[in-house]
Amino acid sequence: MDKAQQKISILGAGLVGSLLSISLAKRGYNVTIFERRPDMRKAGAIGGRSINLALSHRGLKALENVGLKDKIQESCIPMPGRMIHDVEGNLDFQPYGKEGEFINSVSRGGLNWLLMNEAEANGVQIMFEHKCIDVDFNTATSVFDNGNTAEADFLFGGDGAFSALRNAMQKTDRFNFSQEYISAGYKELTMPATANGDYAIDPSALHIWPRGEYMLIALPNLDKSFTCTLFFPFEGKTSFESIRTEADVEVFFHEKFKDAVPHLPNLKKEFLENPTSSLITVRCDPWVKGKTALIGDSAHAIVPFYGQGMNSGFEDCHVFDQLLEKHGKINDDLLKEYQALRIPDGNAIADLALYNFIEMRDKVADEKFVLQKKIEKKLNQLYPEKWIPLYSMVTFSDLRYSEAIARGNKQQAIMDDVLSRPAIEKDWKNLDFEAIIDEVHQ
Ligand code: FAD
């Protein structure tokens with residue numbers, strides 16, 4: 001069948017569904033997206049304008065694949081490192097990678113808006129206010145809450161962490177599924193531009209206030225504001241549950257985040273009124289059933305601590321597109337390969353993201369962690385192909401996540417040994433770096 005006659009349905013016009021639609025339309029498919037919500041572009045303002053995300057190499061590579069990298073980078077703010085704020089307000093800038101490597105702060109709404117516009121420019125039809133409530137896997141038919149149904153030759157679920165397609169799959173035999181909420185949730189707070197119209201803090205960093213069990217982070221926006229996110233336990237002695245009044249908020253923030261407080265004029269109101277959201281990891285297997293497949297968060301929702309949820313979803317789209325190039329059409333061989341490649345990688349980035357919460361909220365403030373970063377930087381300078389820090393493998397390369405985690409574990413075991421040597425703080429520059437590299441390749 002001619003691709004133009006092949007109908008593809010995608011559930012969800014979020015970041016991943018919209019990008020997927022572009023790559024499929026560019027290959028000649030007839031694509032329709034069904035989105036639960038109304039068209040955010042018609043409201044005249046970008047929904048959640050200042051809510052931002054970190055976009056990095058994998059996401060950019062997928063955008064480049066559809067010719068959108070440069071356009072999107074125009075509205076990105078580069079963040080070459082993390083700026084650590086200690087309790088006293090002292091600052092420590094830690095570069096993320098080598099000179100010239102950075103992650104990008106990008107507006108979620110702005111990016112989604114642009115991707116939807118591009119999708120339509122490529123002939124994709126987006127049907128808003130179509131909430132899918134059921135799917136027939138054998139006929140790729142979706143059923144909507146407004147009474148409509150849509151048939152297709154193939155259907156993708158790009159409908160996020162609480163996917164209707166995945167819900168339908170869960171009712172079938174031999175479908176493996178797990179979901180796990182972590183004990184922390186998050187709340188967004190705004191750090192507006194100063195009275196002079198400037199950024200309140202340095203915009204060329206992702207700011208972190210690590211405090212052990214919890215942390216505050218801030219990413220810059222183009223309008224000179226920052227979006228701050230407090231990741232904080234739901235319950236316990238110091239938790240969303242325990243901080244209930246304006247006075248509680250004031251005391252807590254002055255004690256723990258005192259250098260941020262002067263830049264958060266609406267702190268008390270925002271803390272008490274903004275929603276508290278939960279954080280979930282979803283894993284499942286298979287991702288394909290009949291004439292349907294999961295992609296993005298519907299297949300692998302992860303916690304946000306590696307900044308890889310969207311990036312990994314974009315990489316799903318890129319991998320799928322490469323498989324279409326290889327196989328020529330969506331067939332059983334392509335779908336088998338898609339799952340075989342992406343399920344282990346989805347699981348790997350889910351694990352990495354959970355681990356990185358501990359690293360961000362706790363370890364970045366630790367002297368041993370900072371020393372490890374210095375030693376790893378040196379190893380990478382001396383042997384750029386042989387020693388790549390885990391963060392760089394995940395963020396600045398497109399090595400498979402499953403391979404990155406395996407190499408990262410091996411490197412960490414070696415580092416644990418190196419860091420346990422006596423007087424390492426003083427003597428690290430005299431380490432036998434070649435011997436360390438030999439250990440990796442044993
Ligand atoms: P979604 O963005 O959830 O989109 C799903 C779409 O489907 C939505 O438009 C929804 O309305 C629609 N939909 C849902 N159900 C239905 C239905 N039944 N029928 C029709 N339509 C439906 N990732 C990064 O890479 N970097 C970051 O820095 C980062 N930071 C994050 C910070 C936080 C606090 C959180 C929570 C996440 C973060 N992420 C980050 C993850 C990122 O937001 C997600 O991975 C990404 O949004 C997934 O895109 P998606 O299109 O698969 O799903």
Side-chain angles (χ1 to χ4, degrees), residues 9-21 32-40 47-48 51-60 62-63 76 79 103-109 111-113 115-116 126-135 142-146 148 150 155-168 181-182 184-189 206 217-219 227-232 275-282 294-317 346 349-350 353 356-357 360 394-395:
S9 291
I10 299 176
L11 305 177
L15 297 168
V16 173
S18 300
L19 178 62
L20 175 69
S21 76
T32 306
I33 306 184
F34 299 93
E35 165 58 45
R36 172 183 70 172
R37 291 187 289 213
D39 188 349
M40 60 133 116
I51 308 290
N52 46 30
L53 298 156
L55 171 66
S56 52
H57 178 77
R58 293 168 202 267
L60 284 168
L63 292 166
C76 285
M79 299 180 292
I103 59 174
N104 300 276
S105 179
V106 66
S107 150
R108 176 191 286 274
L111 180 55
N112 209 158
W113 179 303
L115 289 173
M116 285 195 285
I126 310 181
M127 306 287 287
F128 293 95
E129 296 177 68
H130 273 69
K131 180 181 175 184
C132 177
I133 50 170
D134 202 7
V135 173
S142 31
V143 180
F144 300 96
D145 65 345
N146 57 15
N148 292 347
L155 177 140
F156 290 91
D159 49 344
F162 302 96
S163 165
L165 173 60
R166 199 189 62 234
N167 272 343
Y181 287 94
I182 58 168
Y186 69 96
K187 191 182 283 286
E188 276 156 345
L189 305 167
L206 189 157
I217 68 167
L219 275 76
T227 301
C228 305
T229 311
L230 177 68
F231 294 98
F232 204 46
T276 306
S277 307
S278 53
L279 294 163
I280 194 169
T281 302
V282 172
L294 300 167
I295 195 156
D297 271 21
S298 71
H300 51 86
I302 62 176
V303 293
F305 305 111
Y306 233 115
Q308 286 294 314
M310 164 189 66
N311 285 290
S312 61
F314 281 4
E315 193 173 58
D316 293 341
C317 300
I349 191 58
N356 222 42
F357 187 27
M360 282 178 86
V394 171
T395 309

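Counting starts at 1 for both ligands and their atoms, in listed order.
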Minimum-distance protein heavy atom relative to atom 14 (C) of ligand 1 | Asp159 O, 3.2 Å

Mind checking whether Thr229 has a heavy atom under 4.0 Å from ligand 1?
-> no

Ile295 N/O to ligand 1 N/O under 3.5 Å | no

What part of Gln308, side chain, backbone, both or neither, has a heavy atom within less than 4.0 angstrom of ligand 1?
-> backbone

Polar proximity ligand 1 side, Arg108 side, N/O cut 3.5 Å exclusive | yes

Please report which non-hydrogen protein atom sits nearest to atom 22 (C) of ligand 1, along with the residue it belongs to and the distance in Å to one decimal place.
-> Arg36 CB, 3.6 Å

For atom 12 (C) of ligand 1, the closest protein heavy atom turns out to be Glu35 OE1, 3.3 Å

Within the distance-only criterion (no hydrogens, no angle test), does the side chain of Ser18 pair as donor or acceptor with the backbone N or O of Ala13 below 3.5 angstrom?
-> yes

re atom 40 (C) of ligand 1, the protein heavy-atom contact at minimum distance is Leu53 CD2, 3.4 Å

Test item: Asn104 side-chain N/O and Val106 main-chain N/O as donor-acceptor pair under 3.5 Å | no

What residue and atom, counting heavy atoms only, is the protein's closest point to atom 45 (O) of ligand 1, and at what distance?
-> Asp297 OD1, 2.7 Å

Provide the number and element of each atom of ligand 1 under 4.0 Å from a heavy atom of His130.
-> 19 (N), 20 (C)

Going by heavy-atom distance to atom 6 (C) of ligand 1, choose the closest among Ser105, Pro304, Gly14, Cys317.
-> Gly14

May I ask you to check whether Cys132 has an N/O atom sitting below 3.5 Å from an N/O atom of ligand 1?
-> yes

Shortest reach to atom 53 (O) of ligand 1 by a heavy atom, considering only Ala161, Ala164, Gly160 = Gly160

Those atoms of ligand 1 less than 4.0 Å from some heavy atom in Gly12 | 6 (C), 7 (O), 12 (C), 21 (N)

So is there a nitrogen or oxygen of Asn52 less than 3.5 Å from a nitrogen or oxygen in ligand 1?
-> no

Top protein contact for atom 36 (C) of ligand 1, by heavy-atom distance = Tyr186 OH, 3.5 Å

Hey, does the side chain of Ser163 reach the backbone of Gly160 with a donor-acceptor pair shorter than 3.5 angstrom?
-> no

Report yes if the side chains of Thr227 and Glu188 come closer than 4.5 Å at any heavy-atom pair, otherwise no.
-> yes

Between CG on residue Leu115 and CG on residue Leu19, distance to nearest 0.5 Å = 6.0 Å

Nearest protein heavy atom to atom 5 (C) of ligand 1, by residue and atom, and its distance?
-> Gly158 O, 3.5 Å

Gly296 heavy atoms, cut-off 4.0 Å: which ligand 1 atoms fall inside?
-> 52 (O)

Asn311 side chain to Gly59 main-chain N or O, any donor-acceptor pair under 3.5 Å?
-> yes

Is a donor on one side and an acceptor on the other found under 3.5 Å between the side chain of Asp316 and the backbone of Gly296?
-> yes

Numbering as shown, the atoms of ligand 1 that approach Phe34 to under 4.0 Å (heavy-atom distance) = 20 (C), 21 (N)

Report the relative orientation of the aromatic rings in Phe231 and Phe305; use parallel for angles under 30°, tilted for 30 to 60°, perpendicular for over 60°.
-> perpendicular

Atoms in ligand 1 flagged as close to Lys131, the criterion being non-hydrogen separation under 4.0 Å = 18 (N), 19 (N)

Do any N/O atoms on Arg37 end up under 3.5 angstrom from N/O atoms on ligand 1?
-> yes

Which ligand 1 atoms, with their elements, are less than 4.0 angstrom from a heavy-atom of Gly309?
-> 23 (N), 24 (C), 25 (O), 41 (C), 45 (O)

Decide yes or no for Phe314 and Val16: does some side-chain heavy atom of the first lie under 4.5 Å from some side-chain heavy atom of the second?
-> yes

Ala54 and Met79: which non-hydrogen atoms are nearest, and at how many Å?
-> CB-CE, 4.4 Å

Short list, please: which atoms of ligand 1 are under 4.0 Å from a heavy atom of Ala54?
-> 24 (C), 25 (O), 26 (N), 27 (C), 28 (O)

Apply side chain to side chain contact (heavy atoms under 4.5 Å, CB included) to Tyr306 and Thr395, showing your working.
-> CA-CA 8 Å; Tyr306 233 115; Thr395 309; 4.0 Å; yes

Check: Arg36 side chain, Leu11 main-chain N or O, donor-acceptor pair, under 3.5 Å = no

Closest approach of any protein heavy atom to atom 51 (O) of ligand 1, naming residue and atom = Val16 N, 2.9 Å

Please indicate whether any nitrogen or oxygen in Leu279 is less than 3.5 Å from any nitrogen or oxygen in ligand 1.
-> no

Can you check whether Ser298 reaches Leu165 side chain to side chain, under 4.5 Å on heavy atoms?
-> no

Verdict with supporting geometry, Phe232 and Thr276, side chain to side chain contact (heavy atoms under 4.5 Å, CB included) | CA-CA 10 Å; Phe232 204 46; Thr276 306; over 6 Å; no

So among Val303, Leu279, Ile182, which one has a side-chain contact (heavy atoms from CB on, under 4.5 Å) with Phe357?
-> Ile182

